[in-house]
Amino acid sequence: MVDAREYHKRTNHSPESIRSDRFSLNFSNKPRPYKVYETLSQRSLPGSARSPDEPALSAITTSTDTPRHSAPSSLDAQAVHTLCHYATGITKELERQGQRMRFRAASCTGKLYHVDLYAVTGDIDGLVPGVYHFDPDTESFDVLREGDYRGVLARATGNHAAVADAPVTFVATSEWWRNAWKYRERTYRHAFWDSGTVLANLLAVAHGSGHRASVVTGFADHMIARLLGVDPEDEAPLELVPVGSGDPAPDPLSVTSIEPKERPLSRNPVEYPLVADAWEQSTLADGEAVQAWREDFQDASKQEFGRHDVGDGELISLDPVDAETASSRPVWSTIERRGSLREYSHDSISSRQFATILDRALRGMPADCFGGERIDGLVDCYCLIHAVEDIPTGAYQYHPNAQTLERLGDIDRRTAGHLALDQPVVGDAAVNVYLMADIDAIVEAAGNRGYRVAQLEGGIGLGRLYLATYAHRTLGGRGFTFYDDLVTDYFSPRAANQTPMTLFAFGKSAQ
């Protein structure tokens with residue numbers, strides 16, 4: 001049995017651990033990147049996905065309330081399909097080396113796509129109440145249960161208002177083996193990174209379409225797993241996202257056990273018990289435990305989470321563009337444009353582009369544990385700047401509320417690449433953004449589940465950095481991994497108590 005602090009320590013990367021690792025990938029045992037139910041019926045929803053026209057830079061900054069500049073649209077079957085398509089669906093196919101490659105809407109570590117979406121719905125126009133699994137391979141919905149089970153979700157979340165009032169709530173899960181094939185025990189981290197990029201898209205499309213949407217991190221885990229018919233040893237629920245409002249959930253239905261038969265992901269799946277154990281140690285038993293955890297979390301102050309205010313370093317004021325002059329690229333085309341930039345030029349980007357990307361992407365996540373609004377969360381933002389006009393090269397902390405950079409020290413491109421698991425391409429980018437958190441303080445204040453929130457906040461930040469970057473015509477970016485302790489050491493003494501959650505590098509393409 002391992003707590004989050006021990007798990008994190010045991011899955012840290014270091015130059016020594018990478019050099020001594022003799023693991024190699026077994027491509028004959030590579031898992032399929034989507035699940036296949038062998039006996040469930042499927043339901044195809046009418047019409048293609050809608051294309052919300054709200055600009056991406058606006059959609060990713062919207063709070064849980066209905067956007068001011070978008071009239072609410074009806075939440076029907078097509079809307080449910082649209083949300084799933086732009087969160088986990090296939091948005092493009094390319095031919096590379098004679099093979100057709102399918103790319104999903106959200107980035108995923110190793111393109112292994114281990115995060116699935118389920119929809120628990122009431123009576124929606126074009127879709128009868130039920131529990132559905134979205135199949136990205138066919139863009140149809142597997143029918144797990146018929147009936148209105150939204151009351152079960154309300155009970156599991158301690159009667160959280162957003163869940164109890166939503167016509168549909170999505171559940172994100174991770175099927176561990178689909179990621180652990182390559183990343184082994186580190187998969188528990190990746191579950192929140194990768195569900196974070198999925199949720200960043202889901203929230204943006206929901207808000208861009210005029211719907212209320214937020215993230216629910218507190219729920220009775222095994223109650224949700226039972227509802228979905230998943231075994232947490234293999235696949236576990238991570239987050240809930242209620243979308244829409246004004247449709248109260250009925251009293252909870254009885255939930256009988258189901259074990260829908262699935263086609264094996266590969267011929268010989270390998271178990272990594274540390275992953276499921278880390279998840280289990282962060283579970284909550286019932287709605288009362290959820291309410292208590294949520295209240296304790298909200299009572300904790302910023303200082304208890306180990307974040308840092310402005311210090312005595314040199315300050316540089318930033319000037320992001322306003323809504324009227326920002327890029328108007330719609331959220332749907334931004335998601336379809338998104339890629340993973342492989343080669344960066346050393347060309348500088350403008351300081352206003354840099355400021356706008358950080359401003360739009362890093363405003364906090366609307367989550368139940370923060371009271372449902374976008375407020376200061378658990379992570380601090382640190383930047384390694386290599387090529388931004390009017391900003392000297394160096395290491396900085398970004399203070400979003402003050403719209404300032406605080407200089408912490410120097411940096412060079414070679415060192416930046418070394419910190420990022422010796423990947424020189426990271427040093428070629430214009431900017432490296434690290435989201436960092438104090439794991440010891442968070443677990444002390446909010447338990448093992450607080451670790452989930454910190455990793456998820458890093459993942460949603462990563463997803464929004466993708467969207468904010470690809471909303472600009474000339475820019476691209478990509479997420480990377482890193483040597484955990486070396487990053488901490490580099491940003492010390494400021495970040496001596498913090499460890500990196502995620503890393504995103506962006507700039508101009510070399511092509």
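The figures here come from the full heavy-atom set of this structure, side chains too, leaving out hydrogens, waters and symmetry mates.
Residues Glu271 and Trp176 fail the side-chain proximity criterion, which asks for heavy atoms closer than 4.5 Å. Looking at heavy atoms from C-beta onward, Trp177 lies out of side-chain contact with Glu175 at the 4.5 angstrom threshold. Under the 4.5 Å side-chain criterion, counting only non-hydrogen atoms from C-beta, Lys30 is not in contact with Leu25. At a threshold of 4.5 Å between non-hydrogen side-chain atoms, the residues Leu341 and Tyr470 count as touching. Contact annotation: the side chain of Leu419 never approaches that of Leu503 to less than 4.5 Å [non-hydrogen atoms, C-beta and beyond]. Using a 4.5 Å cut-off on side-chain heavy atoms (C-beta onward), Leu362 and Arg464 make no contact. For the pair His133 and Leu40, the minimum side-chain heavy-atom distance is 4.5 Å or more. The side-chain heavy atoms of Glu239 and Val115, taken from C-beta on, include no pair separated by under 4.5 Å.
Checked by atom type and distance alone, the side chain of Arg186 pairs as donor or acceptor with a backbone atom of Thr11 at under 3.5 Å. For His308 (side chain) and Arg494 (main-chain N/O), a donor-acceptor pair under 3.5 Å exists by modelled atom type. With hydrogens and angles disregarded, no donor-acceptor distance shorter than 3.5 Å links the side chain of Arg263 to the backbone of Lys35. Using a distance-only test at 3.5 Å, with no hydrogens or angles considered, no donor-acceptor pair links the side chain of Asn448 to the main chain of Asp3. A donor-acceptor pair is defined here as one N or O able to donate and one able to accept, closer than 3.5 Å; no such pair exists between the side chain of Tyr113 and the backbone of Pro136. Not one N or O on the side chain of Asn432 forms a donor-acceptor pair closer than 3.5 Å with the backbone of Ala505. Under a 3.5 Å cut-off, the side chain of Trp193 and the backbone N or O of Gln455 do not form any donor-acceptor pair. Remark: the backbone N or O of Pro400 is not paired with any side-chain donor or acceptor of Arg363 at under 3.5 angstrom. A donor-acceptor contact shorter than 3.5 Å is absent between the side chain of Arg329 and the backbone of Thr334. Side-chain N or O atoms of Trp279 include none that pairs as donor or acceptor with a backbone N or O of Leu238 at under 3.5 Å.
Taking the centre of each ring, Tyr466 and Phe504 come in below the 6.0 Å mark. The aromatic ring centres of Tyr272 and Trp181 sit 6.0 Å or more apart.
Between Glu6 and Lys9 no salt bridge is recorded (no basic side-chain N to carboxylate O distance below 4.0 Å).
For Gln511, the CD atom counts as loosely surrounded, since its 6.0 Å shell holds 12 or fewer non-hydrogen atoms of other residues, nucleotides or ligands.
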Is there a side-chain hydrogen bond (donor to acceptor under 3.5 Å, both in side chains) between Thr217 and Asp368 once you walk through the steps? CA-CA 7 Å; Thr217 58; Asp368 59 326; 2.9 Å; yes

One pair to check against side-chain hydrogen bond (donor to acceptor under 3.5 Å, both in side chains): Thr157 and Arg294. What are the steps and the verdict? CA-CA 10 Å; Thr157 59; Arg294 194 179 287 136; 5.2 Å; no

Intermediate values then yes/no, salt bridge (charged side-chain N to carboxylate O under 4.0 Å, His left out), Asp194 and Arg178: CA-CA 12 Å; Asp194 296 332; Arg178 277 151 61 184; over 6 Å; no

side-chain hydrogen bond (donor to acceptor under 3.5 Å, both in side chains) for Asp142 and Gln42? Distances and angles first, verdict last. CA-CA 4 Å; Asp142 301 299; Gln42 282 195 326; 2.9 Å; yes

Test ring-ring contact (aromatic ring centres under 6.0 Å, His included) on His85 and Phe134; report intermediate values, then the result. CA-CA 9 Å; His85 171 76; Phe134 177 67; 7.9 Å; no

Kindly indicate, with the supporting measurements, whether the criterion side-chain hydrogen bond (donor to acceptor under 3.5 Å, both in side chains) is fulfilled by Tyr188 and Ser282. CA-CA 12 Å; Tyr188 184 61; Ser282 66; 3.2 Å; yes

Please assess Glu336 against Lys92 for the test side-chain contact (heavy atoms from CB on, under 4.5 Å), listing each intermediate value before the final yes or no. CA-CA 7 Å; Glu336 292 185 351; Lys92 56 189 169 187; over 6 Å; no

Starting from the C-alpha separation in whole Å, work towards a yes-or-no answer on ring-ring contact (aromatic ring centres under 6.0 Å, His included) for Phe305 and Phe297. CA-CA 10 Å; Phe305 291 133; Phe297 193 108; 5.1 Å; yes

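Inspection of the Asn179 and His190 side chains reveals an N or O donor paired with an N or O acceptor under 3.5 Å. Side-chain contact check for Asn268 and Asn29: no donor-acceptor pair (N or O, by modelled atom type) lies under 3.5 Å.
Residue pairs meeting the side chain to side chain donor-acceptor pair (under 3.5 Å) criterion with at least one member in residues 219-232, sequence neighbours excluded, are Asp221-Arg449, Asp221-Arg452, His222-Glu280, Arg226-Ser257.
We find the NE2-CG distance between His211 and Leu202 to be 10.5 Å, quoted to the nearest 0.5 Å. Note that CD1 of Ile460 and CG of Leu199 are 5.0 Å apart. Values are rounded to the nearest 0.5 Å. Note that the CZ atom of Phe170 and the CG atom of Leu203 stand 11.0 Å from one another [nearest 0.5 Å]. Note that SG of Cys381 is 13.5 Å distant from OH of Tyr396, once rounded to the nearest 0.5 Å.
Test Tyr434, Phe482, Phe491 against Tyr382 for ring-ring contact (aromatic ring centres under 6.0 Å, His included) and you get one pass: Phe491.
Between His81 and Phe141, the ring planes are perpendicular. Angles over 60° get that label, and only those under 30° would be called parallel. Below 30°, between 30° and 60°, or above 60°: for Phe480 and Tyr344 the angle between ring planes is between 30° and 60°, a tilted geometry.
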